[in-house]
Amino acid sequence: MDKDGKVRARFAPSPTGALHIGGAHTALFNWLWARRTGGTFILRIEDSDAERSTAGYEDTIMDGLRWLGLDWDEGPDKGGGYAPYRQSERMSVYRKYADELLEKGLAYRDDGAVIFKVPSGVSLLMRDAIYGDIKIQSEKASVSQDGSVKDIVIIKRDGMPTYNYAVVVDDHEMDINWVIRGEDHISNTPKQMLLYRAFGWDMPNFAHLPMILGKDKKKLSKRHGATSVFEYGDLGYLPDSIFNFLALLGWSPGGGAEIFDRNVASESFELSKVTKKPAVFDIDKLNFVNQEHLKIMDPAVKKKIIEPFWVKLGLSPEKHSDQYLMDALVLMGARGRTTRELAEFSDYFVSFAPVKARYDASEVGFEQREPLKKFFAAFMGIPNWDAEEMEAFARNWCRANGTPLKEIALPLRWAMTGRKVSPGIFEVVQLLGPDECQTRLKYYGFLE
RNA sequence: GGUCCCAUCGUCCAGCGGUCUAGGACACCGCCCUUUCAAGGCGGCGACACGAGUUCGAACCUCGUUGGGACCGCCA
């Protein structure tokens, strides 16, 4: 704890790509812990590798975090009491401390680089909030492929600090007292502990998170399809769902609750309850979580979110009133697991064009068309354009003519939606309105 | 190859020595509802990796085996 006893946790991505699922998961748990404890969540950009880092990705990562609803209290864009928050701007600090190690005789120069001498015979005990105590001997902290002890480069030949060194200096300088990161960093921790020890600094609390694996149980990567959080957005997943789903990978709020929002999560989050076992990213579960969030979403908000997806399908939702579109989405109910599916499945409310593209009524022969024409002629004359009355009318007509209801419900559905499935067809017809209904029926020759 | 870590249904989580013939969720399969499909309701399938201990008693503790993962860059 720092002097205030408050948690200071950070997410320290390297700007070499968009925010990916693994990074989002790490950021999320840091955020949860900071929010849960009333602490501070810091964003630090680890761009010490000029070759691979780009300013553009820094923005992309920040956009990704914002999209997920993970707000930070200190960072390169908003400053804070420990600025600068970009490693590329902290060079003097790294040099200063490297000199200190050089003076103490704990490091040496070699070929322009500064190298930390790994001591032997030191027992390291890392107390991980999730994994428990892990003991390791200093000579095993940094090893070459051949098994020999390898001293740790802290300043590269080009003058830039290495990751293991910069993290320690930054975390110390920024009073970071909780280092929460992926399990792939466990093996780096002893190296970093050696550095803390050399400087005589207090060590932060460590907490390593379980990895997220693909279906093949391998570390999630591009091979597994979408990796950046924005790709999931394009696919039709809500930020709330990604947040919820990611939080469920390695943790659960207890009580069987699986669908929750950021507030609930940040109120009940407990680092000690985080799982150790790597978790497989299961798209089926994500779909379910997304559908659940879609179900509880306010129609007005939902309309706003679906609109761009309709546009992407080449439709023009702006030709309709907000109320009409909202009504259409309410009718759609829980159909569609993603916003993209929901937009596709409801396209016929926005325009007749996709209906025509899907359906041509060619399978309806003369002998079926004639009775349909009779029915629809009467149907269009219904006094009140109301779903319940329509259904009652249709049922009566069918009973009187000895026809099953589906004989007219199915063709009607096809003509209205171009699909074999839809919400209750009379409700669809009611919402589409008499004019549109007539237009579609006539187009298919179901009405004179 | 070396070091470290992990191990409950296909998947995600509960379980933290007795209430476990192991619970929930997703997926899957039935049935109900129904003009269709979702949703909803009901039911089914399905796991403590294995072997030794410790203990009156082990999914929970210890050790071993097996399996899986991560890391071993002057990348982060």
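It should be emphasised that the depicted structure is a prediction, and the values quoted were computed from it without experimental measurement. The sequence lines fix the lettering, A, B, ..., with proteins before strands; numbering per chain opens at 1.
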Peer 1: Using a 4.0 Å heavy-atom cut-off across all strands, classify A:K295 as base, sugar-phosphate, or nothing.
Peer 2: sugar-phosphate
Peer 1: Verify the distance criterion only: is there a donor paired with an acceptor across the side chains of A:H208 and A:D128 at less than 3.5 Å?
Peer 2: yes
Peer 1: Taking only residues two or more places apart in sequence or in another chain, which ones pass side-chain hydrogen bond (donor to acceptor under 3.5 Å, both in side chains) with A:Q291?
Peer 2: none
Peer 1: Let me know the distance between CD1 of A:I408 and P of B:rU36, rounded to the nearest Å.
Peer 2: 12 Å
Peer 1: Using whole Å, what does the distance between atom C1' of nucleotide B:rA76 and atom CE of A:M211 come to?
Peer 2: 13 Å
Peer 1: Say whether A:R36 and A:S266, considering side chains only, have a donor N or O and an acceptor N or O under 3.5 Å apart.
Peer 2: no
Peer 1: List in numerical order all residues of residues 274-281 of chain A for which some heavy atom is under 4.0 Å away from an atom belonging to RNA chain B.
Peer 2: A:T275, A:K276, A:K277, A:P278, A:A279, A:V280
Peer 1: Say whether A:R181 and A:T189, considering side chains only, have a donor N or O and an acceptor N or O under 3.5 Å apart.
Peer 2: yes
Peer 1: Taking OP1 and OP2 of B:rA76, is either one under 4.0 Å from a side-chain nitrogen or oxygen of A:T162?
Peer 2: no
Peer 1: Classify the nucleic acid contact of A:H185 as base, sugar-phosphate or nothing, counting any heavy atom under 4.0 Å across all strands shown.
Peer 2: base
Peer 1: Want to settle it: does A:K191 or A:G424 sit nearer the 5' end of RNA chain B, counting the closest nucleotide to each?
Peer 2: A:G424
Peer 1: Determine the Euclidean distance between corresponding C1' atoms of B:rA14 and B:rA70; express it in Å to zero decimal places.
Peer 2: 26 Å
Peer 1: Out of the candidates A:L101, A:D151, A:I155, only one should pair with A:F116 under the side chain to side chain contact (heavy atoms under 4.5 Å, CB included) rule; please name it.
Peer 2: A:L101
Peer 1: Rounded to whole angstrom, note down the C1' distance from B:rC61 over to B:rC16.
Peer 2: 11 Å
Peer 1: Regarding A:K285 and the six-membered ring of A:F245, is the cationic atom NZ or CZ under 6.0 Å from the ring centre and inside 45° of its axis?
Peer 2: no
Peer 1: Does A:R337 make a cation-pi contact with A:F288, if we ask for NZ or CZ under 6.0 Å from the ring centre and within 45° of the axis?
Peer 2: no
Peer 1: Angle between ring planes, A:Y324 versus A:F349, binned at 30° and 60°: parallel, tilted or perpendicular?
Peer 2: perpendicular
Peer 1: So if I take every side-chain heavy atom of A:L405 and compare against B:rC74, B:rC71, B:rU35, which nucleotide ends up nearest?
Peer 2: B:rU35
Peer 1: Would you mind reading off the distance between A:L213 atom CG and B:rC12 atom P, rounded to a whole angstrom?
Peer 2: 9 Å
Peer 1: Give one of base, sugar-phosphate or nothing for A:G112, where a contact means two heavy atoms less than 4.0 Å apart.
Peer 2: nothing
Peer 1: Taking the minimum atom-to-atom distance to the side chain of A:A113, which one of B:rC74, B:rC12, B:rC4 wins?
Peer 2: B:rC74
Peer 1: Check this one for me: any side-chain N or O of A:K406 less than 4.0 Å away from OP1 or OP2 of B:rU34?
Peer 2: no
Peer 1: Using atom CD of A:E270 as one end and atom C1' of B:rA14 as the other, report the distance to the nearest whole Å.
Peer 2: 16 Å
Peer 1: Measure from the side chain of A:N164, starting at C-beta and using heavy atoms only, and say which of B:rA76, B:rU35, B:rG24 lies closest.
Peer 2: B:rA76
Peer 1: Determine: side-chain N/O of A:K273 to OP1/OP2 of B:rG15, distance under 4.0 Å, yes or no.
Peer 2: yes
Peer 1: Using the P atom in both, what is the distance from B:rC5 to B:rG18, to the nearest Å?
Peer 2: 27 Å
Peer 1: Give A:L410 one of three labels, base, sugar-phosphate or nothing, depending on what nucleic acid heavy atoms sit under 4.0 Å from its own.
Peer 2: sugar-phosphate
Peer 1: At under 4.0 Å between heavy atoms, what does A:P423 touch on the DNA or RNA strands: base, sugar-phosphate, or nothing?
Peer 2: base
Peer 1: If you only use heavy atoms from C-beta on, which nucleotide in B:rA70, B:rA39, B:rA76 is closest to the side chain of A:Q87?
Peer 2: B:rA76
Peer 1: Select one nucleotide: of B:rU36, B:rC74, B:rC4, the one nearest the side-chain heavy atoms of A:I136.
Peer 2: B:rC4
Peer 1: For A:E173 and A:Y97, which I'm curious about, is there any donor-acceptor pair between the side chains at under 3.5 Å?
Peer 2: yes
Peer 1: Between atom NZ in A:K285 and atom C1' in B:rG10, what is the gap in whole Å?
Peer 2: 13 Å
Peer 1: Among B:rA76, B:rU36, B:rA27, find the nucleotide with the atom closest to the side chain of A:D284.
Peer 2: B:rA27
Peer 1: Would you please say whether a donor-acceptor pair under 3.5 Å links the side chains of A:D170 and A:Y94?
Peer 2: yes
Peer 1: Is there a side-chain polar atom (N or O) of A:K150 under 4.0 Å from OP1 or OP2 of B:rC74?
Peer 2: yes
Peer 1: Side chains of A:N290 and A:T338: donor-acceptor distance under 3.5 Å anywhere?
Peer 2: no
Peer 1: If you check every side-chain atom of A:D282, which of B:rG69, B:rC5, B:rG10 has the closest atom?
Peer 2: B:rG10
Peer 1: For A:K135, which contact category applies under a 4.0 Å heavy-atom criterion: base, sugar-phosphate, or nothing?
Peer 2: nothing
Peer 1: Less than 4.5 Å apart, side chain to side chain, heavy atoms only: is that true for A:R8 and A:E74?
Peer 2: yes
Peer 1: Remember a base hit wins even if backbone is also touched, and classify A:S142 as base, sugar-phosphate or nothing at under 4.0 Å, heavy atoms.
Peer 2: nothing
Peer 1: Expressed in angstrom and rounded to an integer, what is the separation of A:H25 atom NE2 from B:rC12 atom P?
Peer 2: 12 Å
Peer 1: What's the CD-P distance between A:Q291 and B:rA27, to the nearest Å?
Peer 2: 8 Å
Peer 1: For residues A:W310 and A:L325, determine if any side-chain heavy atom of one lies less than 4.5 Å from a side-chain heavy atom of the other.
Peer 2: yes
Peer 1: Regarding A:E46, tell me which of base, sugar-phosphate or nothing describes its non-hydrogen contacts under 4.0 Å with the strands shown.
Peer 2: sugar-phosphate
Peer 1: Given B:rC4, B:rC6, B:rA38, which nucleotide is nearest the side-chain atoms of A:R335?
Peer 2: B:rA38
Peer 1: Heavy atoms within less than 4.0 Å of RNA chain B: which residues of residues 89-106 of chain A have one? Give them sorted by number.
Peer 2: none
Peer 1: To the side chain of A:E292, which of B:rU36, B:rG40, B:rC74 is closest?
Peer 2: B:rG40
Peer 1: B:rA38 P sits how many Å from A:R337 CZ, rounded?
Peer 2: 11 Å
Peer 1: Looking across every strand, which nucleic acid part, if any, lies under 4.0 Å from A:D47 by heavy atom: base, sugar-phosphate, or nothing?
Peer 2: nothing
Peer 1: Under 4.0 Å between any heavy atoms, over every strand shown, what does A:A409 touch: base, sugar-phosphate, or nothing? Just pick one.
Peer 2: base
Peer 1: Looking only at the side chain of A:Y163 (C-beta and beyond, no hydrogens), which of the listed nucleotides B:rA76, B:rA25, B:rA70 gets closest?
Peer 2: B:rA76
